[in-house]
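Notes follow once the structure below has been shown.
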Amino acid sequence: MAASKEQLDGMRDTFKDADKDGSGKLSLRELEKLVLAMSGMKKDFAEIILKHADHDKDMMINYDELINMFAHDDPEDKAKAMYRMYDTDKDGTISKRELAKLMSMGEAQIGSGMMTLVWSMADEDGDGRLDYPEFCKLINKYKMK
């Protein structure tokens with residue numbers, strides 16, 4: 001379901017509050033402060049958001065870029081957006097390191113043993129990378145959406 005007018009207004013207000021220099025764009029430093037204000041988030045997530053959402057490649061995020069990153073109603077679109085976000089080196093696959101880094105960013109810490117177990121079940125072809133179909137099976141299995 002798309003965001004309501006009230007939700008969009010709230011997001012715009014939050015964006016404006018984070019935009020300390022009034023440029024209409026968030027720098028990495030401003031984005032880090034915004035991310036740290038969210039429960040369970042770590043500073044590293046700001047860089048991932050910047051890489052994923054910065055379509056004009058100016059190393060800053062404007063409001064539309066930020067909103068477009070989260071504006072997916074279709075579950076398939078959400079899965080594709082998550083896959084692109086997890087693929088931090090943009091090589092078209094997800095490495096164990098990329099998955100571990102992102103899984104460790106939330107409140108619940110995942111140990112190396114659990115990560116090894118999750119990886120062994122997700123990397124079905126054993127090539128050391130998760131392709132999109134393997135990733136979809138993983139998120140559906142563990143309800144990571």
Side-chain angles (χ1 to χ4, degrees), residues 1-119 121-123 128-145:
M1 183 165 79
S4 69
K5 181 182 180 330
E6 292 80 22
Q7 289 171 320
L8 288 174
D9 289 344
M11 287 186 255
R12 185 174 300 279
D13 290 343
T14 301
F15 184 90
K16 285 180 182 178
D17 289 344
D19 182 18
K20 298 298 182 195
D21 64 4
S23 67
K25 295 183 174 194
L26 299 182
S27 66
L28 178 58
R29 182 164 291 169
E30 290 168 327
L31 192 56
E32 285 171 346
K33 289 178 183 176
L34 178 64
V35 166
L36 287 172
M38 296 180 202
S39 175
M41 300 298 281
K42 293 184 180 177
K43 184 176 163 180
D44 295 345
F45 199 63
E47 188 174 333
I48 293 167
I49 291 171
L50 184 66
K51 285 180 182 177
H52 178 68
D54 183 23
H55 296 291
D56 62 10
K57 305 298 182 212
D58 64 354
M59 296 304 294
M60 298 181 87
I61 300 292
N62 66 41
Y63 178 74
D64 289 333
E65 288 173 326
L66 187 64
I67 293 303
N68 287 337
M69 182 178 161
F70 298 106
H72 302 287
D73 290 335
D74 179 25
E76 181 70 16
D77 289 342
K78 287 180 185 178
K80 287 177 183 176
M82 280 181 68
Y83 187 76
R84 285 190 305 269
M85 188 166 54
Y86 275 50
D87 179 18
T88 58
D89 65 5
K90 305 292 183 217
D91 70 351
T93 63
I94 297 172
S95 69
K96 187 174 182 179
R97 174 182 259 169
E98 288 169 322
L99 186 63
K101 182 176 182 181
L102 286 156
M103 289 180 76
S104 70
M105 286 189 185
E107 289 179 355
Q109 296 298 312
I110 183 168
S112 62
M114 180 57 84
M115 184 62 221
T116 299
L117 179 63
V118 169
W119 186 262
M121 292 189 299
D123 185 19
R129 314 286 299 169
L130 292 186
D131 58 25
Y132 182 68
E134 289 171 324
F135 177 77
C136 288
K137 288 177 185 175
L138 174 68
I139 62 173
N140 286 327
K141 182 177 273 186
Y142 295 99
K143 306 296 183 219
M144 295 171 64
K145 293 182 189 180

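None of these values were measured; they are calculated from a predicted model. Any value given below was found using the heavy atoms of this structure, including those in side chains, with hydrogens, waters and symmetry copies removed.
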Between K51 and R84, is a side-chain contact (heavy atoms from CB on, under 4.5 Å) present by the stated rule, with each step listed?
CA-CA 10 Å; K51 285 180 182 177; R84 285 190 305 269; over 6 Å; no
Give a yes or no on whether the backbone of C136 and the side-chain of N140 come within a donor-acceptor separation of less than 3.5 Å.
yes
Quick one: salt bridge (Lys or Arg N to Asp or Glu O under 4.0 Å) pairs with a partner in residues 17-28, sequence neighbours left out?
K25-D56, K25-D58
Applying salt bridge (Lys or Arg N to Asp or Glu O under 4.0 Å), which residue pairs with at least one partner in residues 26-38 are found, sequence neighbours left out?
none
Give the intermediate values and the outcome of side-chain contact (heavy atoms from CB on, under 4.5 Å) for residues I49 and L66.
CA-CA 8 Å; I49 291 171; L66 187 64; 4.0 Å; yes
Of L130, D123, D131, T88, which meets side chain to side chain contact (heavy atoms under 4.5 Å, CB included) against I94?
L130
For the student: nearest non-hydrogen atoms of R129 and E98, plus distance:
NH2-OE1, 4.2 Å
Residue pair E65 / I61: nearest heavy atoms and the distance that separates them
OE1-CA, 3.4 Å
With the side chain counted from C-beta on, respond yes when [X] and [Y] share a heavy-atom pair under 4.5 Å apart, and no when they do not.
| X | Y | answer |
| --- | --- | --- |
| M121 | L138 | no |
| L31 | M60 | no |
| K16 | Y63 | no |

CG of L26 to CE of M59, rounded to nearest 0.5 Å, is 13.0 Å
Inter-residue atom distance D87.CG - L99.CG, 0.5 Å rounding:
11.5 Å
Under the rule for ring pair (Phe, Tyr, Trp, His ring centres under 6.0 Å), what residues qualify as partners of Y83, not counting sequence neighbours?
Y132, F135
